[in-house]
Amino acid sequence: MSTADHRMLGGIRIAWLHLRVGVMNELQYRANFVIQLIQSLVAIGTGLVVLALIFDHTDQLDGWTRPELLVVMGVFTLVGGLIGFVIEPNMGRIMGDIERGTFDYVLTKPVDSQLLASLREFRIWRLTDAIVGLVVLVWGLSQLDATFGVPEVVWFVSTLSAGTVLIYCLWLVLTTGAFWVVRMDSVQELFTGLYRAGQYPVTVYPAWLRLMLTYLVPLGFAITVPSESLTGRMTIERLVVTLGFMVVAFAVTRWFWRRGTRHYSGASA
Amino acid sequence: MTHTVVVAPRDTIAREGAVRSYLRLYATLARTSIMLGFQYRVSNYFYMIGMIAEPVVYLVVWSTIARGQGGDIGGYTPGTFAAYYIVWTLVRNMNIVFTPFGWEQRIREGELSGHLARPMHPIHYDLGSFAGWKVVVIVMWLPIAAVLSLVFHPSLDPSLAQVATFAVAIWGAYLIRSMFLWMLGMITIWTTRVSAIFEAFFAAELLLSGRLLPVSLMPEWTQTLASFLPFESTFGFPITALVGPITGRELVTGLVLQMVWIAIGVGGVQVMWRRAIRAYTAVNG
């Protein structure tokens, strides 16, 4: 095995340790689970009210029926939970470390720095959103006539994973920008704001915005495409494009990360 | 007799001095946050782009529905929706005040103790510095509004009275929201498990203020409920004041209602604050 492989394997082992410690830490604060659950329910309740208002005035939104939009909302909440569980806390920590100059501690470790920096913090209670999202998703599916089997589920899981990786890539590229401009504390607000657009299928938006919400902010890949795979809209081309785009975006992100870390000058370095 | 003669002018002098020092405080706070705001332009623009995504989503969804329904819903065409949600972006920015989530840090880090040692009520510091930031926000908002207008073609034709009312109402909205979020934040002094309360408040605000959808398009019972709450005064009213349709009479009653909510807010903040400082135990006081 090469040194790079060793660094990668070591990184995975350390990430696993971080996950276990994080989970144990958070399990001490069980009341937080109740609070998180209330928050998830408030959010989903608001979403349902919005859907009710929409279907008060119309019976379909750009060809999407009510149960189909429920599916989209379920995927939206599910992916939001995954982001809150692992992406958001780690990106926030990278930014904080760069601002304070403590990022040295990541770079000096003999493991892959991108891997270590991306998998240090886990907010297990945010997975509540993922569960609530799944419930809404299943509820929406149960109202659809469409039949689906193993292939749809496989498509769904693979496009959902690819989409989540794409979101991670975008967020990491923005965060990496902090190596040059230091203060990037609005990235989270930027992202949380843009993420709302994923509540609806990106096909609803005008063409220029749809392109942006697919290739620039990959909500189309992370939310719309997985929803399409469950509502009988999936094509093999779309699957290939999603997976291909993920590979390219991941390579670009990695290259950018390397440039960023070379540019970093720490507090003590 | 002599007593009153001597005291009255002194009292006036003291009051004039107080007014002047308040003005100085506000001017300094505002200036500082204007300078800070312009310094971190990238950060501010990220913040604003993240923020405009929300109304653009509403705008697209409701315009799509309006088109599907033959051009309008409840009198709102894609053009009026565009005007509503573009003005929304400015009103939303005026609505940003010290977040209730910030109170936890204020208390934990002992910042509040420092505030207590100052001669003026701490709310003035928040009001002053956020008001200064609004200036930055308005300047940075102009190009965004121009782009949004080019893309979405708003139909906006306000009268002079509407423009004047709007200019006053956005500051009224700022004061009301400052007061109510301060009250909300102060709850943190009694209990730390506040985030669920905050989220519920914001969900109610989203639905009942006109932020999501013009209140006149909501079901009737919601409109009745909204009329008993301060939310519409901070959001729907300023927007509708500029975008219309609105009568002269409604402009005046809207402003009066804002004043009532400001008065309730100021009273509420004072009562709560007095109790809060009694309940407050400092971390490193």
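The sequence lines fix the lettering, A, B, ..., with proteins before strands; numbering per chain opens at 1.
- More than 12 heavy atoms of other residues, nucleotides or ligands sit less than 6.0 Å from atom CD of A:Gln28.
- Using a 4.5 Å cut-off between non-hydrogen atoms, no part of residues 75-94 of chain A approaches chain B.
- Taking every heavy atom of both residues into account, B:Gln69 and A:His57 meet most closely at CD-O, 3.0 Å.
- Ranked by heavy-atom pairs under 4.5 Å with chain A, the list B:Ser195, B:Gly68, B:Ala66 is led by B:Ser195.
- Interface residue B:Glu54: backbone and side-chain heavy atoms are both found under 4.5 Å from chain A.
- The local environment of CH2 in B:Trp190 is crowded, with over 12 non-hydrogen atoms from other residues, nucleotides or ligands closer than 6.0 Å.
- The contact between A:Ile54 and chain B is made by backbone and side chain atoms together, counting heavy-atom distances below 4.5 Å.
- Only the side chain of B:Thr64 has a heavy atom closer than 4.5 Å to any heavy atom of chain A.
- Rounded to the nearest 0.5 Å, atoms CD (B:Glu199) and CD1 (A:Ile35) are 10.5 Å apart.
- Residues B:Val57 and A:Ala197 come closest through the heavy atom pair CG2-CA, 3.4 Å.
- Neither the backbone nor the side chain of B:Ile52 has a heavy atom closer than 4.5 Å to any heavy atom of chain A.
- Once rounded to the nearest 0.5 Å, the distance linking CG of B:Leu207 with CG of A:Leu53 reads 7.5 Å.
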Before giving the answer on side-chain contact (heavy atoms from CB on, under 4.5 Å), spell out for B:Leu213 and A:Val50 the whole-Å C-alpha distance, their side-chain angles and the decisive distance to 0.1 Å. CA-CA 9 Å; B:Leu213 182 67; A:Val50 175; over 6 Å; no
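- At a threshold of 4.5 Å between non-hydrogen side-chain atoms, the residues A:Gln39 and B:Phe198 do not count as touching.
- Heavy atoms closer than 4.5 Å to chain B are found in both the backbone and the side chain of A:Val204.
- Contact of A:Leu61 with chain B is made through the side chain alone, with heavy-atom distances under 4.5 Å.
- Of all non-hydrogen atoms in A:Gly193 and B:Ala53, the two that sit nearest each other are O-CB, 3.4 Å.
- Residue A:Ile38 touches chain B through its side chain alone, counting heavy-atom pairs closer than 4.5 Å.
- The parts of B:Val61 that come within reach of chain A are both its backbone and its side chain, each placing non-hydrogen atoms under 4.5 angstrom from that chain.
- In this structure, chain A has heavy atoms under 4.5 Å from both the backbone and the side chain of B:Ile49.
- Heavy atoms of A:Tyr205 lying under 4.5 Å from chain B belong to its backbone as well as its side chain.
- Contacts of B:Phe202 with chain A are absent, with no heavy-atom separation under 4.5 Å from either backbone or side chain.
- If you measure heavy-atom distances from A:Thr58 to chain B, the contacts under 4.5 Å come from both the backbone and the side chain.
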